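To start, the structure under review is shown below, and the notes come after it.
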Amino acid sequence: MQQTVWLLTVVVVAIIALIFLFVALNSTTRAEYPAVQARAYRFRSVVFWGLILAGIVIAAVTLRELPYTSAQAAPAAQVVNAKGYQWYWELDHDTVKAGQPVEFHVTSGDVNHGFGIYDADTRLVAQVQAMPGYVNRLRHTFDRPGTYRIMCLEYCGLVHHGMIFELQVVAPQNAEVEP
């Protein structure tokens, strides 16, 4: 999908460059205003309807790729309540099962924090904002067992860098996770 978007972007930029070149080359040509206006309005109408059609086609193609499933089809999630404080995380579970959805209910007890989940290679796999007085829900399915780190993504004070929690993701057959 990214390759397609990249190629589409290159084509659109090339078309815009050609339009600018056309305008620059024809800027010295003199013409009567009513004739130029009529052509411009026709051109504008064609471009408008072309963009509408392109938008419909792009929406139809890309909306099929959304990762959302209906509420009835989604399997029950493991729920983990997470609360951020200066400068630590408090989670009610430190172990979850791989291959099953986990729904994190994330809030903060003091200031805003960024709840970021990192894999063993320190790649960000999921994130959500932790805000006082509000619970954000983050749903993620861990594909592989291992140790994941939860780190704060928003500077929250002096010991922000030490705000790390380790979450164990275990294979489903080895899991003894509280419901």
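Please read all numbers here as calculations on a predicted model, not as lab measurements.
- M163 places a side-chain heavy atom less than 4.5 Å from the side chain of C156.
- No donor-acceptor pair under 3.5 Å is formed between the side chain of S108 and the backbone N or O of A130.
- Counting heavy atoms from C-beta on, the side chains of R139 and V102 never come closer than 4.5 Å.
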Let's go through E166 and D94 carefully: what are the C-alpha distance in whole Å and the side-chain angles of both, what is the deciding distance for side-chain contact (heavy atoms from CB on, under 4.5 Å) to 0.1 Å, and is it a yes or a no? CA-CA 7 Å; E166 288 193 348; D94 64 354; over 6 Å; no
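- A search for ring-ring contact (aromatic ring centres under 6.0 Å, His included) contacts involving W87 returns nothing, not counting sequence neighbours.
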Checking Q100 against Q78 for the side-chain contact (heavy atoms from CB on, under 4.5 Å) test, could you report, in this order, the C-alpha distance in whole Å, the side-chain angles of both residues, the deciding distance, and whether it holds? CA-CA 7 Å; Q100 296 178 6; Q78 306 165 76; 3.5 Å; yes
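- Taken from CG in L51 to CD1 in I56, the straight-line distance is 11.5 Å, to the nearest 0.5 Å.
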Identify all side-chain donor-acceptor contacts of residues 147-154 below 3.5 Å with residues at least two apart in sequence or on another chain.
unit_1, atom_1, unit_2, atom_2, d
T147, OG1, Q168, OE1, 3.0
T147, OG1, Q168, NE2, 3.3
Y148, OH, R144, O, 2.9
E154, OE1, Q129, NE2, 2.6

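- No side-chain heavy atom of Y88 sits less than 4.5 Å from a side-chain heavy atom of I164.
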Evaluate the side-chain contact (heavy atoms from CB on, under 4.5 Å) criterion for residues R39 and Y41: first the C-alpha distance (whole Å), next the side-chain angles of each, then the deciding distance (0.1 Å), finally the verdict. CA-CA 5 Å; R39 278 197 322 261; Y41 282 155; over 6 Å; no
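- Residues L138 and I117 are in side-chain contact: their nearest non-hydrogen atoms beyond the backbone lie under 4.5 Å apart.
- Within the 4.5 Å cutoff, no side-chain heavy atoms of P132 are placed close to those of T107.
- Pairing each heavy atom of V169 with each of K97, the nearest pair is CG1-C, 4.2 Å.
- Using modelled atom types, one side-chain atom of Y155 and one backbone atom of G157 make a donor-acceptor pair closer than 3.5 Å.
- At least one side-chain heavy atom of V80 sits less than 4.5 Å from a side-chain heavy atom of D92.
- Residues satisfying the ring-ring contact (aromatic ring centres under 6.0 Å, His included) criterion with F115, sequence neighbours excluded, are W89, F104.
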Give every donor-acceptor pair under 3.5 Å between a side-chain atom in residues 8-35 and any protein atom, sequence neighbours left out.
unit_1, atom_1, unit_2, atom_2, d
T9, OG1, V5, O, 2.8
N26, ND2, F22, O, 3.1
S27, OG, A24, O, 2.9

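- For the pair L91 and F165, the minimum side-chain heavy-atom distance is below 4.5 Å.
- In this structure, NE2 on H160 lies 10.0 Å from NE2 on H113, to the nearest 0.5 angstrom.
- With sequence neighbours left out, the ring-ring contact (aromatic ring centres under 6.0 Å, His included) criterion links H105 to no other residue.
- Heavy-atom minimum distance, G116 versus L124: CA-CD1, 3.8 Å.
- Taking every heavy atom of both residues into account, A98 and P172 meet most closely at O-CG, 3.2 Å.
- Legend: salt bridge (Lys or Arg N to Asp or Glu O under 4.0 Å) pairs involving residues 111-135, not counting sequence neighbours, sorted by first then second residue: D119-R123, D121-R123.
- The hydrophobic cluster containing Y118 does not contain V106, counting ILVMFWY residues as joined when their side-chain heavy atoms lie under 4.5 angstrom apart, directly or transitively.
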